[in-house]
Amino acid sequence: MPEPLLETRFLERLERLSIQWQNSLPGLVGGHNTSRFAGAGQEFLDHRQFHHGDDLRAVNWRAFLRLEKLFLKMFQLEPRIPVRMLIDVSKSMETGEISKFYYAQRLAAALCYVGLVRLDSIALQPFSNKLHDAFTASGGRHRFTPAMNFLSGLQPAGQTNFLECSRQFCSKYPQRGLTLVISDFLDDRDCEKPIQYFADFGHELILLQIWADEDREPPWEGELEIEDAETGQKVELAFDSDARAQYTAAFDAHADLIRKVAERNNGRYLGVPTSVPIEQAIFGPLVKSGAVA
Amino acid sequence: MNFLNLGLGELLGLVGAISAGVVALYLLDRSKRRQLVATLRFWSAADVRTELKHRRRIQQPWSLLLQLISLALLLTAIAGPQLGIFDATGRDHVIVLDTSAWMSSRSGRGILMDQAKADARAYLRSIPRRDRVMLVRADALATPATAFESSRGVIESAIQQSQPGASALNLTQALEFAERAQKLQSQRAGEIVFVGAGRVSEEEAGLSTLPANLRVVTTNSTQENVGLRKIGLRRSQSAPDSWDIFVVVRNYGVRPQSVDLGLQFSKSPAGSKRLTLRPGTEEQATFTYAAKSGGFLEARLNVRDAFPQDDRAIVELPPQVSSHVVVYSNEPQLLRPLFAANPQVDAVFETTDKFDPAAKADVVVLDRFTPPSPPRTASIWIQPPAAGSPVPVKATRTGVRLDQWHPETTLGAGLRTRDVTLESAEVFSPASGDITVAETTDGPVIVARSSNSKQVVIGFHPGRGAMKYQLATPLLIANILRWMTPGAFRQWEFQAGTVGTVNVAVEKDAKPEDIRVLDAENRSLPFTLETNASGNNLRFFSGAPGTVRVQMGDREAVYSLTLPDVGEAAWRVPASVHKGVPRPVTADAAPRDLWPWLALLGGIGLLADWLLYGRSRAFRLRASGAMAPHFKKMAQWRKAS
């Protein structure tokens, strides 16, 4: 029997958290986030003039008897917003002394559990060069076991193609919602434009970049023969401390670019090295950012 | 240096092979390494040099040189080089430590043994540490205390545990033992060192045949001593209740001495004498003391000298034992001379009508009557009536001739008569197991029976007729009483002497199987029996003070060996022999080990190479890069709204 991704003690700590978003999004009734949209709700929001076609059940008859004018009661909407997690399952996630892929599996499982406990609608969407089969679950912690089994069954394979995946995502999920992207964002091509697509289609973004320490600051020196984990391309080179500094600066610039794209679209960005324990990452930076509370 | 028993060529080959291995490992360590990475986009951005140098080129020559030098230092350290004069084997010395009785004599604040121990330790410190030493304790026997030992702690402990013995020094034997030990066990013979006072016998005082490598460390001692040599006691021949006591005193010193010799028996004065002794001579003092009871006899010299251990001796004496005989006879005058002749016999005469079967007696004599109940102790029956004789009477004859004695029996030993005719005699029919002592042509006339209580039946009256005038008659009675009560007739001799070898004069026809030599715990001691012109000489050895008994038939000699054996003279050491403790070997002259320094330098070199060029650099980088990005990125969080 495979070892569960998350320990029971950790899950108990997660139960007090909930996934938070910042934008007001329309959706089905039943969520726990208030929206600026009025609709079928429990809390009174305002009155407006009655127009033809309005629901007569919402007319304030007491005001009509007193003023002989029809006023319509408006209620605050608490929509159930879909939470979609895009999980990078490309071959590059397999590298690192501590596997980024395993780290991403655990992080996705933890956030999935937080959403299911709060009766959110969760979709786990793996991707590499295309979108793979997704797992959808709506509310209830009893759905967590199938979700964890789904995550455990994922295998890293293929190259990353953010642009293609973003296109497929926007066409597959027309309803706007909260989109969490768990990836190393190491696409040889540009990944700024695909992220922008998500925002342009109205999705609220939370970008979780995972990297291994070797990804940011390779510890090796001397003559190296490096091989790209996704393409298999090989390069022979001599690496020293100066080159390492340049490498790290380029990596940081790339991460900064992703952060700026997220911030520009009212989204959030979090970079997590795999050397930081998953529990510490969630209850530390992730809570402070307000992505979960 | 010891290169693991390798020759120079083999050593160079070994160093070359290890160096080649180091270079190969170095090149392998510095060779191109394959790494799997997530993406190549940042590698090209890092402006790395993709034009590689030659793979097999040594890029860090200082690292390689440091490793080779460090390994060479470690190899040299293994060889164990030393700075200074190289003497790997060392020598084997034997310290012969005098542990004779004289070493317990007073000298200054302590005893001579303390001084000898200090001298032995001083010699131990004077020799190089690589030398091995055997310690031999020498008194009458040479006993090795240690094997050839290089540990000074073991030797010093053995020296410290040495104590003076009770016997005299046998110098010849000790030196022979040391020579033999060096010959058989040593790799490179060193010195034989005698440490002690050298108090030896007069024969060894001028000992000149000595080992060539002998060194003598003599312990200074006073020469003046007067001591007891021997105490002898035996029952007086004239007065059975008295002891003849003789005491031998010797002056070991070089000045004449006058000493008072006192005797005490059970803490009561038993005699005293003043003796004047010339140097090197012995005097014997004789005493006679009447004592029937047992007790302790103590001889004491009232003198103050350096060796008080031989000024006092004690001998335990047994009580006088006699055989109690009750004679039931109506004509006691016939038998009285036969029993009164023996001083060990206490005879009481009673008439036959006063017979008591429970009378307290060792022997009961029944003269021509039959008691209503048989006596409970040993009994002598003289001409018992035929109806009540314990041995059946076959016939009664008159005028019979006593033909034969049986001297092979204990009862008939030494008995002989010639042409003796008995007026009247009873002839017995002995049973199986009975002993016939004398017989006529018609049969036995004296029969002995060894049952629960010994019995002797005499078919004639020994105090009447022709037997009255025969010498065999009192001897027959004596033989019978000795057979019945052997303890009363045992001959005792007591001697207090010195431990060591003891010589005892024994009868010429004595057989070893009839002799027993027993210590105080009744354990048999080994002995030798030598035959010489004057008789046999029994010799045994006792190395420790105690009591030794020599049993020979009805004779028993008791040796109370409590006096220490002191050599009569001081050993005159020849002038050619090395004397005194040699000068200590200084620490500077001894080679100093260099291997710890070489090993330390080699280790430092390898550590420096590992820190400067080795994998530790990669570990440091990995450790520093693990947490930095995390905290760095924490600051990058922004709230989108």
Side-chain angles (χ1 to χ4, degrees), chain A residues 22 92-93 95-96 100 184 186-188 204-205 211-231 233 235-240 243-247 250-252 254-256 259 262-263 265-273 275-276 284-285 288-290, chain B residues 26-61 63-64 610-641:
Chain A
Q22 303 171 115
S92 65
M93 292 290 283
T95 59
K100 290 181 287 185
D184 56 4
L186 295 180
D187 189 355
D188 288 341
E204 182 176 335
L205 291 175
W211 68 80
D213 292 332
E214 298 92 321
D215 289 343
R216 183 175 181 272
E217 192 169 10
W220 315 293
E221 270 194 359
E223 295 181 0
L224 303 175
E225 184 184 64
I226 56 174
E227 179 182 351
D228 192 316
E230 292 186 356
T231 63
Q233 186 182 352
V235 174
E236 291 184 351
L237 47 84
F239 197 64
D240 53 16
R244 182 184 298 108
Q246 293 177 18
Y247 176 98
F251 183 91
D252 290 345
H254 174 70
D256 196 50
R259 179 182 61 81
E263 290 175 353
N265 295 286
N266 283 341
R268 284 162 286 188
Y269 166 85
L270 177 65
V272 185
S275 55
V276 176
K288 285 180 181 175
S289 70
Chain B
Y26 171 86
L27 291 174
L28 187 64
D29 183 62
R30 282 5 182 221
S31 66
K32 185 179 66 178
R33 273 170 284 169
R34 302 182 64 177
Q35 297 294 342
L36 189 68
V37 297
T39 182
L40 294 179
R41 59 185 296 179
F42 305 121
W43 294 94
S44 56
D47 193 22
V48 294
R49 290 169 286 125
T50 55
E51 187 180 344
L52 294 180
K53 299 174 182 177
H54 195 276
R55 180 176 302 177
R56 295 290 177 241
R57 183 177 167 185
I58 296 174
Q59 297 178 15
Q60 294 169 330
S63 170
L64 178 62
W610 189 73
L611 291 173
L612 295 174
Y613 303 100
R615 296 293 182 139
S616 71
R617 192 170 188 184
F619 295 151
R620 283 202 316 272
L621 288 170
R622 189 171 298 172
S624 64
M627 293 304 295
H630 165 62
F631 293 110
K632 192 173 175 181
K633 291 299 167 188
M634 290 249 314
Q636 295 177 356
W637 275 90
R638 298 288 187 274
K639 256 191 164 180
S641 61

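Residue numbers start from 1 in every chain, and the chains themselves are labelled A, B, ... in the order their sequence lines are given, proteins ahead of strands. All values reported here derive from a predicted model rather than from experimental measurement.
For A:Thr95, the part lying under 4.5 angstrom from a heavy atom of chain B is the side chain only.
Side-chain contact between B:Phe42 and A:Leu186: present, with at least one pair of heavy atoms (C-beta onward) separated by less than 4.5 Å. Side chains of B:Leu40 and A:Gln233 form a contact here, defined as non-hydrogen atoms less than 4.5 Å apart. At least one side-chain heavy atom of B:Arg41 sits less than 4.5 Å from a side-chain heavy atom of A:His254. Contact annotation: the side chain of B:Arg34 approaches that of A:Glu227 to within less than 4.5 Å [non-hydrogen atoms, C-beta and beyond].
Here the closest heavy-atom approach between residue B:Ala38 and residue A:Ser92 is recorded as O-CB, 3.6 Å. Between B:Leu36 and A:Ala229, the shortest heavy-atom distance links the atoms CD1-CA, 3.9 Å.
Every salt bridge (charged side-chain N to carboxylate O under 4.0 Å, His left out) that A:Asp187 has, sequence neighbours left out, goes to A:Arg189.
The line from CG of A:Leu224 to CD of B:Gln35 is 6.5 Å long, rounded to the nearest 0.5 Å.
Between A:Trp220 and B:Trp43, the angle of the ring planes stays under 30°, which puts this pair in the parallel group of the 30/60° scheme.
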